[in-house]
Amino acid sequence: MDIAKSEPTPGIIQPNLPQHRDLYYGGAWHPASGDRRSEVTSPSTGLSLGQVAHADAADVNAAVAAARAGFKVWRDVHPNERAKILRQIAQIVRDNALELAAIDAVDCGNPVKVMLGDADTAAAQLDFFAGLVTEMKGASIPMGRGAINFSIREPIGVVAKILPFNHPFMFVAGKSAAALAAGNAVIVKPPEQAPLSALRLAELVEGLLPAGVFNVLPGGREAGAAIASHPQIAMVSLIGSVPTGRAVMQAASATVKPLLLELGGKNALIAFADADPMEVARAMAAGMNFTWCGQSCGSTSRAFVHSSIYEQVLALIPDVCGNFRPGNPLDMATTMGALASRQQYERVLDFIASAKSEGARLICGGEVPADAQLADGCFVPPTVFADVDPQMRIAREEIFGPVLSVMPWSEEAAMIETVNAVDYGLTCSIWTNDLDAAHRTAVAVEAGYVWVNEVSKHFLGAPFGGVKQSGLGREECLGELLAYTQEKNIHIRIRPQASTAKTPERHQS
Ligand SMILES: NC(=O)c1ccc[n+]([C@@H]2O[C@H](COP(=O)([O-])OP(=O)(O)OC[C@H]3O[C@@H](n4cnc5c(N)ncnc54)[C@H](O)[C@@H]3O)[C@@H](O)[C@H]2O)c1
């Protein structure tokens with residue numbers, strides 16, 4: 001059954017899927033070489049969403065040639081004109097937010113209501129980077145009166161964005177903004193699990209940018225690998241897992257490409273003895289981003305709760321987590337969606353089984369929903385395990401699913417050591433009323449983004465990114481724009497005025 005042809009149901013948003021299913025580059029649609037296609041299915045129903053072209057290395061070559069041509073035009077467009085076009089795209093995103101949100105909901109399983117928020121965030125990012133175009137500044141370096149020395153920042157060339165499945169549209173539009181604002185051409189490789197909103201964006205902005213400036217190449221690992229090693233792609237920005245980050249680094253090393261890597265996390269939430277148990281329980285649920293099944297790099301999936309409030313907090317967890325109930329992602333009332341793919345679903349269930357067999361105490365969830373209407377989808381309810389040992393698999397590995405590990409602590413130094421014992425270092429959330437404890441802990445944890453008495457939220461303008469194996473570089477700030485530029489230094493010798501005393505040579509005719 002094709003979901004696009006199903007009957008409308010009252011109260012449920014009907015997705016309007018993109019017409020074009022080919023590769024978009026050079027301002028036109030192209031079939032993949034050999035007409036390769038892959039099937040896209042909805043993770044909430046298992047139903048087909050149709051086929052999409054599947055790029056390989058030959059398609060990457062063709063797209064890069066088109067993007068090179070686009071870059072040569074776009075880099076010379078006046079920065080304020082570039083900003084104007086980005087703001088137009090932001091408006092198009094706002095005008096079509098519900099449609100884009102519904103495409104993501106049916107394609108990646110996240111509830112339509114939160115995907116509306118994603119469209120809004122993407123539009124805000126486009127506006128934000130449009131506002132920064134004249135901040136792409138160099139510097140003037142004093143060299144005495146005999147010279148002028150200054151640096152300018154230039155766009156870097158063709159930039160590739162390789163993206164994951166958890167926020168498909170927000171990443172395609174929002175994360176292209178900085179690279180485009182800086183004057184680069186962009187090739188987006190959307191996630192193979194959820195490529196449809198990227199294609200719809202290409203349809204919506206067609207004709208707005210010069211041909212070749214914004215390109216979308218649906219495909220999988222093969223296309224990603226071809227992108228990472230391509231000699232004419234100047235820079236790669238990946239949002240994905242740590243193993244993919246390593247593979248991209250290796251492939252990019254052949255051409256010494258700069259990289260921006262936003263990778264995985266196994267982030268900690270730390271609750272001190274003086275924190276309010278209800279506030280902590282709510283933060284534990286909010287930090288897990290259960291609405292999109294915990295599929296967030298920033299999810300605080302390890303909660304370290306002081307032993308003096310541990311049982312009190314755990315007693316509140318089933319109720320707090322009960323606010324998130326798996327349901328049809330296209331229903332505006334749904335509070336928790338489906339995992340993005342069958343593969344991801346099986347992976348999460350495997351982690352749950354490992355926690356049970358390793359002896360963790362199940363507080364809530366842990367079984368797939370009995371609701372017959374959800375039987376064909378990849379639904380897993382909020383699942384919380386207590387008394388988790390730091391050596392258990394669920395405490396060490398990134399699950400990227402709705403599974404929270406809770407651990408008691410009583411000795412601060414030992415707790416910090418356990419928090420820092422993983423190779424990841426993306427976010428950390430600290431809950432306390434004690435200013436000293438908050439500062440001490442914020443400094444001690446190995447993480448790139450720390451909240452105190454807050455969790456999960458991002459703040460446009462504040463640098464987001466990881467330390468250790470969680471990534472390289474910072475996004476959502478001026479630094480992101482500058483990452484897509486390269487600095488050129490120019491030294492001008494000022495020659496002294498030519499002497500007028502010298503007698504001109506006489507030419508004989
Ligand atoms: N730090 C962040 O901002 C952030 C945000 C969202 C997701 N993530 C991370 O993304 C991961 C989940 O997403 P996923 O499962 O789609 O990740 P993934 O690493 O499997 O895939 C990400 C993208 O990389 C591509 N890819 C896979 N192998 C490749 C290779 N060898 N060379 C080039 N490209 C390749 C995929 O096709 C996909 O487009 C989690 O680890 C999560 O933490 C990080």
Side-chain angles (χ1 to χ4, degrees), residues 38 43 52 54-57 60 107-110 118 121 125 160-172 174-175 187-195 198 216-230 233 236-254 257 259-267 288-289 292-301 339-348 397-401 422-427 447-449 456 458 462-477 480:
S38 60
V52 166
H54 199 79
D56 67 6
V60 171
D107 202 6
C108 80
N110 295 344
D118 270 21
T121 301
Q125 289 175 340
K161 316 266 333 172
I162 303 178
L163 301 174
F165 56 71
N166 55 332
H167 296 285
F169 178 72
M170 184 174 84
F171 288 156
V172 167
K175 301 283 181 183
I187 297 176
V188 173
K189 195 204 81 57
E192 52 271 49
Q193 301 87 345
V216 179
L217 281 193
R221 180 174 302 203
E222 187 187 345
I227 283 170
S229 61
H230 200 288
I233 292 184
V236 173
S237 154
L238 164 76
I239 306 180
S241 62
V242 171
T244 303
R246 291 193 197 108
V248 166
M249 278 186 104
Q250 246 171 357
S253 71
K257 274 188 216 344
L259 298 171
L260 209 162
L261 303 176
E262 293 286 356
L263 307 178
K266 190 71 192 174
N267 311 297
M288 274 304 297
N289 302 302
W292 43 100
C293 293
Q295 297 169 119
S296 203
C297 53
S299 292
T300 40
S301 55
L339 286 150
S341 66
R342 185 63 39 185
Q343 191 190 10
Q344 187 66 5
Y345 173 74
E346 304 291 353
R347 211 174 147 263
V348 168
E397 296 179 31
E398 184 187 38
I399 301 173
F400 219 58
V422 292
D423 290 332
Y424 298 103
L426 193 54
T427 70
Y449 206 72
S456 181
H458 288 222
F464 182 83
V467 301
K468 301 202 283 189
Q469 294 188 25
S470 285
L472 289 176
R474 294 293 178 266
E475 293 193 329
E476 303 169 15
C477 60
E480 183 180 348

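Numbering of ligands and ligand atoms starts at 1, following listing order. Sequence positions, counted from 1, serve as the residue numbers for this chain.
- Side-chain contact between Glu475 and Ser237 is present, with heavy atoms from C-beta onward closer than 4.5 Å.
- Considering all non-hydrogen atoms of both residues, Ser299 and Asn289 come closest at OG-ND2, 3.1 Å.
- The side chain to side chain contact (heavy atoms under 4.5 Å, CB included) test with Pro190 is passed by exactly one of Leu163, Asp107, Val216: Val216.
- Taking the six-membered ring where tryptophan is involved, the planes of Trp292 and His167 are perpendicular, since the angle between them exceeds 60° and thus also 30°.
- Under 4.0 Å from ligand 1, the heavy atoms of Asn166 that appear belong solely to its side chain.
- Taking any N or O of Phe171, backbone or side chain, none lies under 3.5 Å from an N or O belonging to ligand 1.
- Two residues are said to be in side-chain contact when any heavy atoms from C-beta on lie closer than 4.5 Å; Phe400 and Pro164 fail this criterion.
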Test side-chain contact (heavy atoms from CB on, under 4.5 Å) applied to Leu339 and Tyr345, step by step: CA-CA 6 Å; Leu339 286 150; Tyr345 173 74; 4.1 Å; yes
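- The shortest separation from a heavy atom of Gly466 to ligand 1 is not under 4.0 Å, leaving the residue out of contact.
- The ligand atoms of ligand 1 that sit less than 4.0 angstrom from a heavy atom of Val248 are 32 (N), 33 (C).
- Residues that satisfy the side chain to side chain donor-acceptor pair (under 3.5 Å) test with Glu398, not counting sequence neighbours, are absent from this structure.
- Checked by distance only, ligand 1 and Ser296 stay at 3.5 Å or farther apart across all their nitrogen or oxygen atoms.
- Heavy-atom distances between Gly220 and ligand 1 reach below 4.0 Å in at least one pair.
- Looking at Ala228 against ligand 1, nothing comes within 4.0 Å, counting heavy atoms.
- When heavy-atom distances to ligand 1 are checked against a 4.0 Å cut-off, Phe400 comes that close only through its side chain, counted from C-beta outward.
- The contact set between ligand 1 and Leu426, taken as ligand atoms under 4.0 Å from a residue heavy atom, comprises 1 (N).
- Numbered from 1 in the order shown, with element, the atoms of ligand 1 that lie under 4.0 Å from a heavy atom of Ser241 read 10 (O), 11 (C), 17 (O), 18 (P), 19 (O), 41 (O).
- For ligand 1, the atoms lying closer than 4.0 Å to a non-hydrogen atom of Leu238 are 24 (O).
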side-chain contact (heavy atoms from CB on, under 4.5 Å) between Ile162 and Val236, intermediate numbers included: CA-CA 8 Å; Ile162 303 178; Val236 173; 3.9 Å; yes
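- With respect to atom 32 (N) of ligand 1, the closest heavy atom belonging to the protein is Ala225 N, 3.6 Å.
- Pro168 and Pro191 get closest at one heavy-atom pair: CB-CG, 4.5 Å.
- The two residues Asn110 and Asn166 make their nearest non-hydrogen contact at ND2-O, 2.7 Å.
- Taking atom 34 (N) of ligand 1 as the reference point, the nearest protein heavy-atom neighbour is Gly224 CA, 3.5 Å.
- More than 12 heavy atoms of other residues, nucleotides or ligands shown are found within 6.0 angstrom of CD on Glu346.
- With a 4.0 Å cut-off on non-hydrogen atoms, Glu398 touches ligand 1 through its side chain and not its backbone.
- Close contacts between ligand 1 and Phe464 involve ligand atoms 3 (O) [criterion: under 4.0 Å to a heavy atom].
- Within the 4.5 Å cutoff, no side-chain heavy atoms of Phe171 are placed close to those of Lys161.
- Applying the side-chain hydrogen bond (donor to acceptor under 3.5 Å, both in side chains) definition to pairs two or more places apart or across chains, those involving residues 219-229 are Arg36-Glu222.
- Using a non-hydrogen distance threshold of 4.0 Å, Leu261 does not register as a contact of ligand 1.
- At the top of the distance list for atom 8 (N) of ligand 1, counting protein heavy atoms only, stands Cys297 CB, 3.6 Å.
- When each atom of ligand 1 is checked for a heavy atom of Ala247 under 4.0 Å away, the hits are 31 (N).
- Nearest protein heavy-atom contact of atom 30 (C) of ligand 1 is Arg221 CG, 3.8 Å.
- Atom 35 (C) of ligand 1 has Thr244 CG2, 3.5 Å as its closest protein atom, hydrogens excluded (heavy atom only).
- Nearest protein neighbour of atom 16 (O) of ligand 1, counting heavy atoms only, is Phe165 CD2, 3.3 Å.
- Considering only non-hydrogen protein atoms, atom 9 (C) of ligand 1 sits nearest to Gly240 O, 3.1 Å.
- When heavy-atom distances to ligand 1 are checked against a 4.0 Å cut-off, Leu263 comes that close only through its backbone atoms N, CA, C and O.
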Ile399/Lys266 under side-chain contact (heavy atoms from CB on, under 4.5 Å): CA gap, chis, key distance, verdict: CA-CA 8 Å; Ile399 301 173; Lys266 190 71 192 174; 4.0 Å; yes
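- At a 4.0 Å heavy-atom cut-off, ligand 1 touches Glu192 through the side chain alone.
- The protein atom (non-hydrogen) at minimum distance from atom 13 (O) of ligand 1 is Pro164 CB, 3.3 Å.
- A side chain to side chain contact (heavy atoms under 4.5 Å, CB included) with Leu238 holds for exactly one of Leu259, Thr244, Leu472; it is Thr244.
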